[in-house]
Q: 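Dropping the structure in here first, questions after.
Just so we're on the same page: letters track the sequence lines, and every chain starts at 1.
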There are 2 protein chains.
Amino acid sequence: MTTNTPREQRHQRTRDAILDAARRILHEEGVEGLSMRAIAQRIEYSPAGLYEYFDSKEAIIGAVCQQGFVRLDRQLGTVDPALPALEMLAASCRNYLRFAADNPDFYMLMFTNAPLTGITAVSKTRSLEDILLTNPSFLALHRAVERCVQEGIFHVPQDSRLFLMSMTFWEILHGGAMLAIANHMERDLAQRGETAVSVLARGYQCKAGV
Amino acid sequence: MTTNTPREQRHQRTRDAILDAARRILHEEGVEGLSMRAIAQRIEYSPAGLYEYFDSKEAIIGAVCQQGFVRLDRQLGTVDPALPALEMLAASCRNYLRFAADNPDFYMLMFTNAPLTGITAVSKTRSLEDILLTNPSFLALHRAVERCVQEGIFHVPQDSRLFLMSMTFWEILHGGAMLAIANHMERDLAQRGETAVSVLARGYQCKAGV
DNA sequence: TTATTTTCTGAACAGCGTTCGGATTATAAC
DNA sequence: GTTATAATCCGAACGCTGTTCAGAAAATAA
């Protein structure tokens, strides 16, 4: 896979250093401070030198976001699969919101700068469903919902299906995260998310109205 | 209120022309094309001339966003208050998502660029709740939820309250809108939002689980 | 040792938001 | 009507941005 000649190793190491510097700047100075010159300075390069490793600033941001989704995925992966389905879903949602609250600028960048196609291979013809179902972060959430359906805890509404159900959970998590970050209210995020998700879950548990 | 001396009238007219130009650029060229020089060119001014009317580009964007919320509010205000509470809520949500789908760049700017405090008077000490309850766009949604509670259609969960309930609706709407816009899937927005909101509403109708 | 490829830099370009001095214009005072 | 004052508006510049390019330096290959 990763080629092994010394030259290519060094090349990869420099690439990683660039991404690492970008991530640190994002964390320490926010997205406004994330400039090519700032990245170059951190790794003691000339700004022009970065273009040997990335085509553009956008490409660097894209790579940073890609790593961000891997990181988010890892955090979602820490939930115990032995938990009851509903609690596993709740725990996944909690972890999701914790990631957003802990990395607000990172999260914001991941979801505003580039379409999610950047996560996987860039392909404009694929549907959102195809794209998301190959996004590990979304998959973790998706599988938790799937378990709830398989165990008969959730009912699939007549005009819906499993994928759309997972989407609703993601939508409410994402909406809460974005609103909280935009208003610098990351502190309340976990608590509010808890109740929002529980209400949504209850909506899927009830078969009919009332 | 609005003063009337010819000078002040002209001043206000130029201000409006600037905001109008900014809005048109946003719509035609997206946020990347929204530069001071571009605005100045549209109203046949020098870039420096804009600073007689606004302190900064950020101030212009702030004013554009403020007008955006008024516009969103108007769209939410078109729902018939004679409708049954639940249908009124659904109609409000539909209108909200239609606004987002019709003005994606506008919507994105409104919710990412500045904290919502920009909507009303800027005040960092106010809580999110205070801020939102003076935001007409949010209030329209809030009142629809309020009606559902008052008419006994919605039950207030034990650990929640009216404001938080409205928030959950806004979160799921906002999350859906942002995800759709970021992935250029505005087309599916209305349909997906419909089901998401109905599930959430069902969650509030059911008192206990199952 | 020589030829070739990769890596890195300094200087520059066009664009950005913004500032400033001064010219132009409109209002106010006499 | 003339003068003083205030409101506008512009050209030029500053420091910043992402990016390009010719060429120097270094690493690899022959």
Q: Look at atom CD of B:E129 and say whether more than 12 heavy atoms of other residues, nucleotides or ligands are closer to it than 6.0 Å.
A: yes
Q: Base, sugar-phosphate, or nothing: which does A:Y45 touch, judged by heavy atoms less than 4.0 Å apart?
A: sugar-phosphate
Q: Under a 3.5 Å cutoff, is there a donor and acceptor pairing between the side chains of B:T195 and A:D159?
A: no
Q: Can you build the contact string for nucleotides 25-30 of chain D? Use B for base contact, S for sugar-phosphate-only contact, and - for no protein heavy atom under 4.0 Å.
A: --BS--
Q: In whole angstrom, what separates A:E8's CD from C:dT5's P?
A: 16 Å
Q: Using whole Å, report how far CD1 of B:I43 lies from P of D:dC10.
A: 8 Å
Q: Taking the side chain of A:K57 as heavy atoms from C-beta outward, which of C:dG17, C:dT9, D:dG18 is closest to it?
A: D:dG18
Q: Grab the CD-P distance between A:E52 and D:dT20 for me, whole Å please.
A: 13 Å
Q: B:H142 and B:F169: side chain to side chain contact (heavy atoms under 4.5 Å, CB included), yes or no, with the steps?
A: CA-CA 9 Å; B:H142 184 65; B:F169 279 95; over 6 Å; no
Q: So, is B:Y51 near the phosphate of D:dC9, with a side-chain N or O under 4.0 Å from OP1 or OP2?
A: no
Q: Quick one: label A:F54 by what it contacts on the DNA or RNA (base, sugar-phosphate, nothing), any heavy atom closer than 4.0 Å.
A: nothing
Q: Side chain to side chain contact (heavy atoms under 4.5 Å, CB included), that's the test. Do B:Y45 and B:I39 meet it? Break it down for me.
A: CA-CA 8 Å; B:Y45 265 48; B:I39 296 172; over 6 Å; no
Q: Can you tell me how far the CG atom of B:L162 sits from the CE atom of B:M167, to the nearest 0.5 Å?
A: 12.5 Å
Q: Hey, does B:E58 reach any base, or is it just sugar-phosphate, or nothing, if we go heavy atoms under 4.0 Å?
A: nothing
Q: Do any of residues 12-40 of chain B sit with a heavy atom less than 4.0 Å from DNA chain D, and if so which?
A: B:R37
Q: How about CD on A:Q150, more than 12 heavy atoms from neighbouring residues, nucleotides or ligands closer than 6.0 Å, or not?
A: yes
Q: At less than 4.0 Å, is any side-chain N or O atom of A:H11 found next to OP1 or OP2 of C:dT6? Yes or no.
A: no
Q: Considering only D:dT8, D:dA12, C:dT7, which nucleotide approaches the side chain of B:A48 most closely?
A: D:dA12
Q: Can you confirm whether A:Q41 is buried at CD, in the sense that more than 12 heavy atoms of other residues, nucleotides or ligands lie under 6.0 Å from that atom?
A: no
Q: Is there a side chain to side chain donor-acceptor pair (under 3.5 Å) between B:T168 and B:Y204 once you walk through the steps?
A: CA-CA 11 Å; B:T168 58; B:Y204 281 122; 2.8 Å; yes
Q: Is a side-chain donor or acceptor of B:N135 paired with a backbone partner of B:S137 at a separation under 3.5 angstrom?
A: yes
Q: Within this structure, what is the CG-to-C1' distance between B:L50 and C:dC20, rounded to whole angstrom?
A: 16 Å
Q: For A:Q9 and C:dT7, what is the distance between atoms CD and P respectively, to the nearest whole Å?
A: 13 Å
